[in-house]
Every structure is written in structure tokens, then in C-alpha cells.
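Worksheet: one structure, shown below.
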Number of protein chains: 2
Amino acid sequence: MTSVKDHHDREGATIPLPAVHRLPAYLRALETIGLTNKMVSSAELGLLTGVSEHIVRRDLSHLGSFGMRGIGYKVDLLRFQIAQFLGRTRIQPIAIIGAGNLGKALAGYAGLRDAGFKVALLVDKDPAKVGSIVRGLRVAHLADLPRLAPQADVRIGVIATSPEGAMEAADVAVASEITSILNFAPVRLVLPDGVVVRRIDLAAELEILAFYLWREAGGLLPGSRA
Amino acid sequence: MTSVKDHHDREGATIPLPAVHRLPAYLRALETIGLTNKMVSSAELGLLTGVSEHIVRRDLSHLGSFGMRGIGYKVDLLRFQIAQFLGRTRIQPIAIIGAGNLGKALAGYAGLRDAGFKVALLVDKDPAKVGSIVRGLRVAHLADLPRLAPQADVRIGVIATSPEGAMEAADVAVASEITSILNFAPVRLVLPDGVVVRRIDLAAELEILAFYLWREAGGLLPGSRA
DNA sequence: CACTGTGAATACCTTCACAGCA
DNA sequence: TGCTGTGAAGGTATTCACAGTG
């Protein structure tokens with residue numbers, strides 16, 4: 001699928017990708033608990049994140065075994081361990097490509113800061129938008145990204161352009177030494193190996209919901225023979 | 001996880017959930033091909049969607065067998081079959097809760113219309129926003145949702161509020177006979193059985209990307225013993 | 001002949017069950 | 001006693017391989 005190969009836990013064994021994808025949720029839950037010396041059990045963490053306690057335990061076991069039997073996990077330690085495993089040791093600067101409605105909304109999204117990210121660059125192709133100030137950030141021109149991104153140490157790009165502009169945006173991003181892309185445009189990006197792309201497809205999410213709705217209502221079984 | 005139980009294909013066998021979640025992507029790909037009488041093979045469709053041809057074939061086989069051996073699938077027919085299976089037979093009205101930056105961006109997102117959805121309602125709790133016009137739509141008050149949603153036949157809600165407001169928004173949505181929720185707030189919603197929630201967690205997506213970045217760079221193996 | 005559709009094999013993830021430890 | 005950590009079992013999705021067919 002993506003060019004991402006294997007990921008290994010502390011002993012060289014591979015860690016399941018679904019597990020990696022759940023770690024941020026644990027982190028978020030731990031942050032709501034606070035910074036105190038409290039303990040948390042796998043069952044509690046599961047309740048907080050909507051995951052079974054078994055999965056929580058196994059996921060965490062991939063990072064090492066620093067829980068205390070009979071007690072639980074130290075909240076602070078666990079946070080640190082997960083953050084370290086995810087590479088969340090410092091503020092990550094990101095670039096948002098596309099200063100339309102979505103781009104502006106993302107630039108102002110407080111959750112990003114809380115999760116350790118900072119919108120360092122906001123670029124667009126439209127001359128009418130370039131130079132305007134969004135959330136204290138001056139919109140730069142897409143063409144300047146290859147110069148600006150390395151300067152700002154940006155390796156992660158968020159594509160919030162129109163579908164038509166997405167592929168060009170991605171190409172420029174790659175030329176800017178950006179190797180991780182979060183794509184909001186409903187377009188499949190074909191990029192060189194080594195570039196990791198994740199896509200958020202709003203329409204697809206809604207279609208999945210609509211499907212559940214449909215089925216719940218006893219939707220037409222296509223070609224039903226019974 | 002969610003309260004969604006089983007989903008069945010034409011013969012009563014269960015269809016894998018991952019398969020259901022890929023169907024919208026196929027649909028989108030087919031739409032880019034066009035409405036002509038063209039044929040498409042599982043390999044092509046796989047290329048277009050980033051899925052292996054084997055998976056494409058098996059996924060489609062759950063909907064019935066209307067491909068032509070030696071030739072491929074009729075694009076029009078396939079589109080119809082998938083759309084029908086997903087219940088996408090008519091325009092689905094949706095409500096967006098939260099008229100902040102994100103809510104406004106979503107309200108103006110053209111991809112929604114293309115996928116068969118229509119933003120019928122846009123509501124907010126903030127009196128300063130209520131009454132304003134966004135994309136030709138008058139922002140209504142959250143408190144009016146229980147009256148407006150059934151009127152507009154809205155069953156799907158998108159939560160684009162602040163994290164603090166998300167739970168209340170969800171409760172009001174449920175009281176409005178909305179049974180499917182797409183949640184953009186970084187909060188776990190605890191709702192009655194029968195309500196399907198999907199969440200888009202931007203921060204989590206970025207954290208996953210950051211993880212890949214980290215690993216790609218040979219990130220610190222936590223507690224490595226070798 | 002090329003491509004679908006599907007039984008069988010494989011790989012993967014989750015769940016169970018319990019030993020091990022504070 | 002209570003909860004972690006993990007081998008083993010179970011279940012589910014993917015991949016293989018090929019028979020079937022326009």
C-alpha cells in the first residue's frame with residue numbers, strides 16, 4: 001500500500017499497524033487524566049478510548065513492560081513512553097497547502113497545538129490569497145515552498161486544496177523535502193516511494209455512515225434471492 | 001465497538017467491514033472514469049484506488065457476480081451496484097453542527113454534493129453566529145435542531161464544534177433523531193446503542209505520520225536491549 | 001486468451017486464559 | 001488480591017492459485 005514497511009518494537013518484533021494507530025488515542029486519553037502521579041489500568045484506558053482492555057494491554061506491551069502488576073500503569077511514565085515511541089519529543093512544524101476554507105480552518109485548529117504540532121507554513125497558489133494574514137500567519141506562495149519548508153524544518157504537509165490542485169500540491173511538497181502527507185482532497189496521489197500519504201476522505205466517511213443507516217433501516221438486499 | 005452488528009451480502013453471508021469501507025473509494029474511482037459504456041478490470045480499479053486486484057475482486061464478489069470473465073466490469077453497472085449496496089440511491093441531507101471555521105469549510109465542500117450529500121442544516125450554539133448566512137444557508141440555533149432535523153429528513157450529523165461543545169452537540173443530535181454521527185472533535189462520544197459514530201481525528205492522523213517520519217529516520221528504539 | 005469468481009492457504013489481529021508479580 | 005504481560009486459541013481479512021467462461 002504505502003511504502004511503509006515494517007515497524008519494530010523494542011525487541012525487533014514487528015508491532016501491528018492497528019496498534020500504532022491506537023497509540024495516539026491512548027496519549028490523548030492520558031492527557032485528559034492529567035499530569036499527576038496517578039495510576040491507570042488497562043480497563044480504564046480502554047473505557048476512555050473505546051478499546052477492549054485486552055487490546056490496550058497488548059498494545060502497550062509492544063512498547064515494553066513498565067506496568068505494575070496488581071496496580072496498573074503510571075500515567076506520567078506511560079505518556080512519556082508512548083510519546084517517545086511515536087517520536088513526539090518536540091514540536092513538529094507542519095505546512096498547510098491551500099488557504100481556502102479548509103486550510104484556514106486547519107490553521108486555526110487548537111487540537112493541533114495540543115497534540116504537539118505547529119502550523120509553520122501556509123501556502124496557496126492563488127495570488128489573491130498570497131500575502132493575506134490567517135491566524136497571524138502570512139500566506140506564502142506555493143512556489144516558495146521548496147525554499148521555505150527546509151528553512152522551517154517542515155517534513156509534514158497537509159493538502160487542503162481543491163481536487164484539481166492536489167496532485168500539483170503534492171509534487172511541490174515532495175520537491176520541498178516533505179515526506180509525509182495528509183491529503184484531504186478526494187484524489188489518490190501517486191508519489192515516489194518513501195513518501196507516506198494518509199488520506200482523509202470526508203465523502204467516504206459519510207458514505208459509510210449512510211450505509212449503516214441504510215442497513216439499519218433494513219435496506220434493500222441487492223439481488224436478494226430468498 | 002460501535003453498535004453496528006453484522007452486514008450481509010446478497011446471500012446472507014457477512015461482508016467484511018473493511019470491504020464495505022473500500023466501496024466508496026471504488027465508487028469515486030468509477031466516477032472519474034465517466035459514464036460511458038466502458039469496461040474496467042479489477043487490476044485497473046486497484047491501481048486507481050491503491051488496493052490489490054485480488055481485494056478488488058473479492059470485495060466486488062460480495063455484491064454479486066456481474067463482471068464478465070475475460071473482459072472486466074461494466075463501469076455503469078458497477079457504479080449502480082455499489083451505489084445501491086451502499087444505499088446511495090438518493091440525495092442524503094445532512095446537518096452540520098458548529099458554524100466555526102471547520103463547519104463553514106465543510107458546508108462549502110463541493111465533494112459532498114458530488115458524493116450525493118446535501119448540507120440541509122447548519123446549526124450553532126453561539127447567538128452571534130445564529131442567523132448569519134453561510135454558503136446560502138441560514139445558521140440555525142442548536143436548540144432548534146430537534147424540530148428542524150426531522151422536518152428536513154436529516155439522519156446524519158457532522159460535529160464540527162469545539163471539543164468542549166461536542167458532547168452536548170451529540171446529545172442534541174441524538175434527540176433530533178439523528179442516528180449517524182461523524183465527529184471531528186477530538187473527544188470520545190458516549191451515546192446510546194444504535195447510534196453509529198465515526199470519528200476523524202486530525203491530530204491522530206498527523207501523529208501517525210510523525211511516527212513514520214521518526215521511524216524512517218531510524219528513530220530511537222525505546223528501551224532497546226541489543 | 002484475458003479476466004472473473006472462489007476454494008484453500010496464509011498472514012494478521014484479537015480474544016482468551018492464566019502464570020507471574022507487586 | 002488485583003492487574004499486568006504473554007503463550008495459545010480463535011476469528012477475520014488477505015493472498016494465492018486456478019477452474020470457469022465470455
Side-chain angles (χ1 to χ4, degrees), chain A residues 1-2 4-23 25-26 37-75 77-78 81-82 222-223, chain B residues 1-2 4-23 25-26 30 37-75 77-78 81-82 222-223 225:
Chain A
M1 235 197 105
T2 61
V4 182
K5 300 298 181 344
D6 291 329
H7 298 289
H8 300 88
D9 62 15
R10 74 220 175 280
E11 282 179 87
T14 64
I15 174 172
L17 254 124
V20 173
H21 293 196
R22 279 186 296 264
L23 292 177
Y26 301 147
N37 281 358
K38 273 203 292 237
M39 307 297 290
V40 66
S41 72
S42 56
E44 291 175 80
L45 206 46
L47 223 55
L48 250 42
T49 53
V51 167
S52 90
E53 58 176 307
H54 299 107
I55 291 192
V56 172
R57 282 212 296 282
R58 187 156 309 267
D59 286 353
L60 296 183
S61 78
H62 287 294
L63 313 194
S65 52
F66 38 81
M68 294 176 183
R69 299 184 183 222
I71 312 285
Y73 303 85
K74 277 193 77 170
V75 171
L77 178 61
L78 193 50
Q81 294 283 358
I82 298 177
Chain B
M1 234 200 107
T2 61
V4 182
K5 299 298 180 347
D6 290 329
H7 298 291
H8 301 85
D9 62 17
R10 76 222 173 278
E11 282 178 85
T14 64
I15 174 171
L17 254 123
V20 173
H21 294 197
R22 280 187 295 265
L23 292 177
Y26 301 147
L30 290 171
N37 281 357
K38 272 205 290 242
M39 307 297 292
V40 66
S41 72
S42 55
E44 291 175 83
L45 206 47
L47 222 55
L48 250 42
T49 53
V51 167
S52 90
E53 57 176 309
H54 299 106
I55 292 191
V56 172
R57 282 211 297 281
R58 192 167 293 281
D59 287 352
L60 296 183
S61 78
H62 288 294
L63 312 195
S65 51
F66 37 82
M68 295 177 182
R69 301 187 181 214
I71 312 284
Y73 302 86
K74 275 195 79 172
V75 171
L77 177 62
L78 192 50
Q81 293 285 357
I82 297 177
R225 298 172 192 181

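A, B, ... follow the sequence lines: proteins, then strands. Residue 1 opens every chain. None of the values given here were measured: they were computed from a predicted structure.
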* Whole angstrom value for the distance that separates P of C:dC13 from CG of A:L23 -> 13 Å
* To do: Evaluate the criterion side-chain contact (heavy atoms from CB on, under 4.5 Å) for residue pair B:Y73 and B:M68; output intermediate values, then yes/no.
  => CA-CA 6 Å; B:Y73 302 86; B:M68 295 177 182; over 6 Å; no
* Minimum heavy-atom distance between B:M39 and B:V75, given as atom pair plus value -> C-CG2, 4.1 Å
* Structure fact -> Between CD of A:E53 and C1' of D:dT6 the distance, given in whole Å, is 15 Å
* Asked: Hey, mind stepping through B:L78 and B:L45 against side-chain contact (heavy atoms from CB on, under 4.5 Å) and telling me if it holds?
  -> CA-CA 11 Å; B:L78 192 50; B:L45 206 47; 4.0 Å; yes
* Structure fact -> For A:E53 and A:A43 the tightest heavy-atom approach is CB-CA, 3.8 Å
* Asked: A:R22 side chain: which of C:dT14, C:dT6, D:dC3 is closest?
  -> C:dT14
* Side chain of A:S65 - closest among D:dG5, C:dC13, C:dT6 -> D:dG5
* Presence of B:S42 side-chain N/O under 4.0 Å of C:dC3 phosphate oxygens OP1/OP2 -> no
* Looking only at heavy atoms, which two atoms of A:P16 and A:H62 are closest? And how far apart? -> CD-NE2, 3.4 Å
* Going 5' to 3' along nucleotides 16-22 of chain C, which nucleotides have protein heavy atoms under 4.0 Å from the base (write B), which only from the sugar-phosphate (write S), and which from neither (write -)? -> BB-BBBB
* Could you tell me the separation between the NE2 atom of A:H62 and the P atom of C:dC12, rounded to a whole number of Å? => 13 Å
* Gap between atoms OH and P, on B:Y73 and D:dG22 respectively (whole Å) -> 15 Å
* Structure fact -> Double-helix bend of the helix from C:dC1-D:dG22 to C:dA22-D:dT1, axes at both ends from 5 pairs, round to 10°, gives 10°
* Asked: How many Å lie between CE on B:M39 and C1' on D:dT21, as a whole number?
  -> 13 Å
* Integer-rounded Å distance: C:dG5 P and B:L63 CG -> 10 Å
* How close or far is atom P of C:dC12 from atom CD1 of A:I55, stated in whole angstroms? -> 17 Å
* Is there a side-chain contact (heavy atoms from CB on, under 4.5 Å) between A:L60 and A:I82 once you walk through the steps? -> CA-CA 8 Å; A:L60 296 183; A:I82 298 177; 4.1 Å; yes
* Asked: Which pair of non-hydrogen atoms, one from A:V51 and one from A:V56, has the smallest distance, and what is that distance?
  -> CG1-CG2, 3.9 Å
* Structure fact -> In short, A:Y26 meets A:I55 closest at the heavy-atom pair OH-CG2, 4.0 Å
* So, is A:S41 near the phosphate of D:dG2, with a side-chain N or O under 4.0 Å from OP1 or OP2? -> no
* Asked: For the residue pair B:D59 and B:A19, what are the closest heavy atoms and their distance?
  -> OD1-CB, 3.3 Å
* Round to the nearest Å and state the distance from A:I15 atom CD1 to C:dC12 atom P. => 14 Å
